[in-house]
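Reviewing the structure listed below.
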Amino acid sequence: MVLVLAIGDLHIPHRAPDLPAKFKSMLVPGKIQHIICTGNLCIKEVHDYLKSLCPSLHITRGEYDEDSRYPETKTITIGQFKIGLCHGHQVVPWGDLDSLAMLQRQLDVDILVTGHTHQFKAYKHEAGVVINPGSATGAYSSITYDVNPSFVLMDIDGLRVVVYVYELIDGEVKVDKIDFKKTPTTTI
Amino acid sequence: MISDGVEDEEKWLTAGIAGLQQNAFYMHRALDSNNIKDALKYSAQMLSELRTSRLSPHKYYELYMRAFDELRKLEIFFKEESRRSCSIIELYELVQHAGNILPRLYLLCTVGSVYIKSKEAPAKDILKDLVEMCRGIQHPLRGLFLRSYLSQVSRDKLPDIGSEYEGDENTVMDAVEFVLQNFTEMNKLWVRMQHQGPAREKEKREKERNELRDLVGKNLHVLSQIEGIDLELYRDVVLPRILEQVVNCKDDLAQYYLMDCMIQVFPDEYHLQTLEILLGAFPQLQPSVDIKTVLSGLMERLSNYAASSIEVLPEFVQVEAFAKLNNAIGQVIEAQPDMPVFGAVTLYSSLLTFTLHVHPDRLDYVDQILGACVNKISGKGKLEGKATKQIVALLSAPLEKYSDIDIALKLSNYPLVMEYLDDSTNKVMSNVIIQSIMKNKTHISTADKVGALFELIKGLIKDLDSDDNDEMDEDDFKEEQNFVARLIQMLYNDDPEEMLKIICTVKKHIMTGGPKRLPFTIPPLIYNALKLVRRVQSQDENASEESTASATPKKIFQLLNQTIEVLSMVPAPELALRLYLECAEAANDCDLEPVAYEFFTQAYILYEEEISDSKAQVTALYLIIGTLQRMHTFGVENRDTLTHKATGYSAKLLKKPDQCRAVYACSHLFWVEDQDGIKDGERVLLCLKRALRIANAAQQMANVTKGSSGSVILFIEILNKYLYFFDKGNTQITVASIQGLIELVTTEMQSDTATSDPAADAFFSSTIRYIQSQKAKGGATAEKFEQIKV
């Protein structure tokens with residue numbers, strides 16, 4: 001059982017002062033094995049904070065990130081799953097699932113994690129899964145109205161991944177989960 | 001030399017102890033045979049060792065303790081009437097025959113103790129007798145120990161209320177008189193020590209005096225234990241007598257120690273009720289006494305007393321504690337004009353802590369204290385060192401107590417105190433303030449409060465007079481400004497009008513920050529404004545056109561435009577470009593076509609004129625294309641102009657692969673999935689074909705420059721775009737064109753000069769799989785894809 005935190009678009013300090021307190025109290029060091037971050041942190045303090053939760057930290061570059069050395073895309077293998085990571089502002093039209101599917105094919109990954117729209121999405125199609133963890137701080141987005149703070153926790157176990165999404169709605173944390181199974185052939 | 005002295009002392013002590021023990025031995029032998037005369041003779045000899053002048057207090061104490069032990073045994077003997085073979089009165093008479101006065105007095109005290117216990121005479125008479133006779137010893141060290149002995153043996157025999165020695169003749173007053181007298185005499189002896197001996201040994205004497213101070217202080221302890229002393233007695237007799245002695249002795253060491261001791265041993269309620277008398281003594285003390293420490297100690301005790309129980313609070317009000325303390329401090333400061341600033345601030349700091357505990361609702365008191373502080377520190381220029389630490393503590397206390405920053409903002413003297421801080425301390429204090437706001441998650445809700453707050457933290461907002469700005473570490477500076485940015489997120493009001501005022505106030509302040517700060521402080525302000533636009537936008541839809549409110553989207557966009565312009569001139573063109581595009585989208589949502597167009601124009605100008613780095617151009621261009629793709633408010637002309645420019649920029653990027661990708665991204669500008677969205681199949685195809693040409697050119701370049709064909713990845717990407725639009729129903733995309741591309745890729749990949757690229761292989765495989773899965777879907781999709789052969 002491998003726990004992977006997918007989080008992004010915090011936009012601290014431009015659009016939000018800090019992570020919601022309820023999220024902060026849930027995210028404690030030592031519980032998570034990997035963090036994949038879609039980008040737009042935007043400052044070093046946030047990077048350091050995420051690093052303190054888990055040393056295995058993967059970040060791709062968002063258009064507001066202070067550190068320009070983050071890569072545009074990244075591919076990681078965790079267990080049986082190949083996971084692709086990209087902020088998403090490079091994929092036009094923004095949030096378009098078919099265009100994202102193309103990126104998924106290009107990176108040749110089972111799970112693609114992107115952000116930019118600040119809206120949580122978990123979408124399954126024949127070739128795999130596309131996940132958007134939304135904005136962890138509920139930051140303003142020109143694309144989405146009424147953004148609720150959210151992040152995703154993936155539980156990878158063999159050929160199965162359970163995707164838990166945590167959303168802060170009206171001050172309460174609500175959890176939802178979605179199951180995905182990978183077929184053992186090379187295709188998914 | 002000194003070591004010789006110590007060695008000598010050791011010798012004398014040893015000799016003294018030996019003599020003492022020898023006489024004690026004989027004394028016990030005499031006691032065993034009930035020979036009173038001899039016992040007294042040897043005990044007197046034994047006690048003669050205490051007549052020495054050669055020992056330091058520390059060593060004398062050791063000798064004294066041995067004598068004390070022996071005297072205890074003697075006392076036990078005296079108690080047993082049958083053994084002593086004479087009455088106690090006779091015994092009292094007998095001991096006075098001892099040759100030397102010191103042994104005589106020790107023996108007298110010992111017998112006196114037994115005498116009191118026997119109750120053959122009133123306790124008060126005996127006590128009075130003893131305390132007066134001890135006057136016979138005027139040597140400070142010997143006298144102190146003798147009286148200390150008296151105090152010890154009499155302790156449990158005082159005619160206190162409820163004690164067996166109380167009666168018509170013996171009252172509490174007598175007990176009090178006795179202890180007070182002993183105290184007074186002991187203090188006099190103690191003070192006298194200061195003036196003994198040569199001037200150069202002053203330090204040594206003070207050290208010795210310090211070793212003895214508890215002997216004097218013990219009397220105050222004893223007094224505090226006397227149950228019969230109620231508030232009245234304390235106020236009318238005990239306190240005035242003690243203070244009289246303290247003031248009149250005019251000795252710094254004694255005054256400091258005794259004031260402090262008194263405050264510690266007597267109950268807090270008593271202090272509260274006698275506050276005026278107590279405080280009245282302070283100005284009368286020697287100027288060199290560290291009054292502020294004692295006063296601070298008193299205020300701290302009273303603060304803790306107040307904190308201990310809510311029921312005592314009314315007492316404080318009743319005795320007007322605050323006013324008295326405030327006055328006292330004022331007087332002390334006046335009486336000591338040379339008191340260093342940090343001393344005065346410490347006093348006010350203690351008073352502030354006191355006030356926050358006792359009168360938390362009296363903001364006027366808090367303000368008064370700050371005002372008094374301002375008076376004291378004005379005219380001294382900027383503060384430094386210990387004083388600044390104290391001031392920071394002073395200013396932080398109200399923040400901690402009242403978690404709402406609003407309250408601190410109401411204190412009119414607060415900003416005045418901050419005026420006197422030097423720049424670096426101002427920053428420290430500003431950070432404390434912001435942290436308090438962040439911790440308590442307070443939202444500052446009016447423009448006035450925001451203005452006041454930004455005035456307070458101006459050390460972070462702009463360069464103050466000095467030019468030490470350059471010395472600041474870059475990382476620290478970033479952290480500092482990011483902190484300010486987070487603060488800007490905490491400013492909020494539900495009312496749009498007020499929110500706009502807040503935004504304008506913040507803008508006014510941050511504009512003074514200079515080019516280094518603006519890239520940090522402007523973006524959060526922009527987003528606050530954009531959030532406001534969203535709020536009024538929905539209101540606008542409900543309200544009529546003729547709204548008199550000034551918080552309209554149009555007005556806010558004007559503000560945004562001006563502000564971002566400043567940012568681009570910093571220069572921070574990339575950031576400004578992003579913000580222009582965000583505003584364009586917001587204007588799009590409000591259906592304000594001219595405003596959106598203006599924002600796009602500004603973004604384009606920045607792109608053309610200010611952004612020259614290739615990588616930056618690529619990112620900026622994707623943002624432009626992505627934003628433009630979502631615009632629905634543009635009419636055909638405007639849209640065409642902007643689109644034409646965007647595709648132009650794409651084709652002019654430096655690297656061919658970047659060109660290719662940007663151009664095929666532009667294809668989406670002609671195909672929007674919305675209901676009324678543009679779906680121009682032809683122009684989509686034109687873009688894709690253009691991308692293909694660029695990919696070809698790139699391939700040829702690779703052949704020429706590297707001798708092998710470059711990667712086919714671009715072709716595969718374009719193939720995927722063809723499939724995308726094919727799937728969406730663009731009739732201009734034919735099966736033949738797709739087929740052609742597939743064959744092109746296959747051929748290229750199998751050619752001899754091909755460079756192996758596993759990523760491209762994988763991409764192509766997954767593309768083929770996609771086509772197959774589309775075929776397997778059934779329905780209209782399967783029909784479409786059926787014709788593609790893979």
Side-chain angles (χ1 to χ4, degrees), chain A residues 11-18 20-21 40 42-46 48 61-66 68 72 75 82 87-99 101-110 116-117 125-128 137 139-147 185-188, chain B residues 438 441 475 478-479 482-490 520 523-524 526-527 530-531 534 575 578 581-582 584-586 588-589 615 618-620 622-623 625-627 629-630 665-666 668-669 671-673 713 716-717 720-721 723-724 727-728 759 762-763 765-767 769-770 773-774 776-777:
Chain A
H11 286 283
I12 296 173
H14 291 170
R15 306 190 200 183
D18 207 353
N40 274 345
C42 309
I43 52 179
K44 187 168 166 291
E45 279 96 323
V46 184
D48 292 340
R61 188 167 153 264
E63 76 275 31
Y64 284 96
D65 272 314
E66 184 184 66
S68 56
E72 297 285 316
T75 320
K82 278 195 279 189
H87 178 250
H89 65 270
Q90 307 92 328
V91 180
V92 176
W94 291 336
D96 181 273
L97 287 163
D98 293 308
S99 295
M102 170 181 156
L103 178 61
Q104 186 164 12
R105 294 195 284 273
Q106 184 160 8
L107 296 176
D108 191 31
V109 292
D110 305 307
H116 188 57
T117 62
H125 57 107
E126 316 76 32
T137 53
Y140 170 92
S141 163
S142 51
I143 303 168
T144 312
Y145 278 56
D146 297 325
V147 181
T185 59
T186 44
T187 57
I188 194 176
Chain B
M438 301 292 299
K441 306 216 184 293
D475 282 339
K478 270 194 207 167
E479 219 182 292
N482 280 325
F483 214 31
V484 176
R486 283 165 131 156
L487 173 65
I488 296 179
Q489 301 289 344
M490 306 299 288
F520 295 94
I526 300 293
Y527 283 105
L530 285 173
K531 287 184 216 175
R534 265 218 189 130
L575 190 52
R578 283 154 177 70
L581 291 176
E582 298 271 355
E585 268 204 80
N588 177 56
D589 290 338
K615 204 161 165 241
V618 172
T619 310
Y622 277 113
L623 294 174
I625 298 172
T627 313
Q629 199 264 348
R630 296 170 52 80
C666 284
H668 290 280
L669 292 174
W671 194 277
V672 179
E673 282 293 307
I713 197 123
I716 305 174
E717 289 174 33
N720 272 273
K721 282 298 172 191
L723 290 168
Y724 175 95
D727 186 52
K728 298 284 180 204
F763 192 9
S765 307
S766 54
T767 312
R769 281 201 299 276
Y770 166 70
S773 66
Q774 290 295 79
K777 263 197 178 150

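Letters A, B, ... mirror the listed sequences (proteins, then strands); counts begin at 1.
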Checklist entry - Just by distance, with hydrogens left out, do B:Arg630 and B:Asn588 show a side-chain donor and acceptor under 3.5 Å apart? => result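 On atom types as modelled, these side chains do not qualify, holding no pair under 3.5 Å.
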
Checklist entry - Between B:Gln489 and A:His14, is any side-chain donor less than 3.5 angstrom from a side-chain acceptor? => result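 Short answer, no.
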
Flag the one option from [options] with the top tally of heavy-atom pairs under 4.5 Å to chain B.
options                    : result
A:Asp108, A:Asp98, A:Ile12 : A:Asp98
A:Asp18, A:Val91, A:Asp96  : A:Asp96
A:Glu45, A:Glu72, A:Gln104 : A:Glu45

Checklist entry - If you tally heavy-atom pairs under 4.5 Å against chain A, which of B:Ile625, B:Thr619, B:Thr767, B:Leu530 wins? => result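 Most pairs with chain A among the choices: B:Leu530.
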
Checklist entry - Among B:Lys615, B:Glu479, B:Met438, B:Met490, which has the most heavy-atom pairs under 4.5 Å with chain A? => result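 That would be B:Glu479.
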
Item to check | Residues B:Arg578, A:Glu63: salt bridge by 4.0 Å N-O rule | outcome: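 Judged by the 4.0 Å cut-off on N to carboxylate O distance, B:Arg578 and A:Glu63 do not form a salt bridge.
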
Checklist entry - Do you know which of A:Arg15, A:His87, A:Arg61 makes side chain to side chain donor-acceptor pair (under 3.5 Å) with A:Asn40? => result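 Per the side chain to side chain donor-acceptor pair (under 3.5 Å) rule, the option paired with A:Asn40 is A:His87, out of A:Arg15, A:His87, A:Arg61.
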
Side chain, backbone, both or neither of [X] within contact of chain A (heavy atoms, under 4.5 Å):
X        : answer
B:Ile526 : neither
B:Leu723 : neither
B:Thr627 : both

Checklist entry - What are the two closest non-hydrogen atoms of A:Ser99 and B:Lys721, and how far apart are they? => result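 A:Ser99 and B:Lys721 have their closest heavy atoms at OG-NZ, 3.8 Å.
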
Next on the checklist: Nearest 0.5 angstrom please: A:Gln90 CD to A:Leu103 CG, how far?
Outcome noted: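 Going from the CD atom of A:Gln90 to the CG atom of A:Leu103 covers 8.5 Å.
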
Checklist entry - CH2 of A:Trp94 to NE2 of A:His89: how many Å apart, nearest 0.5 Å? => result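 Separation between the atoms: 8.5 Å.
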
Checklist entry - Between A:Ala16 and chain B, which part of the residue has a heavy atom less than 4.5 Å away: side chain, backbone, both or neither? => result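 Interface part for A:Ala16: backbone (N, CA, C, O).
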
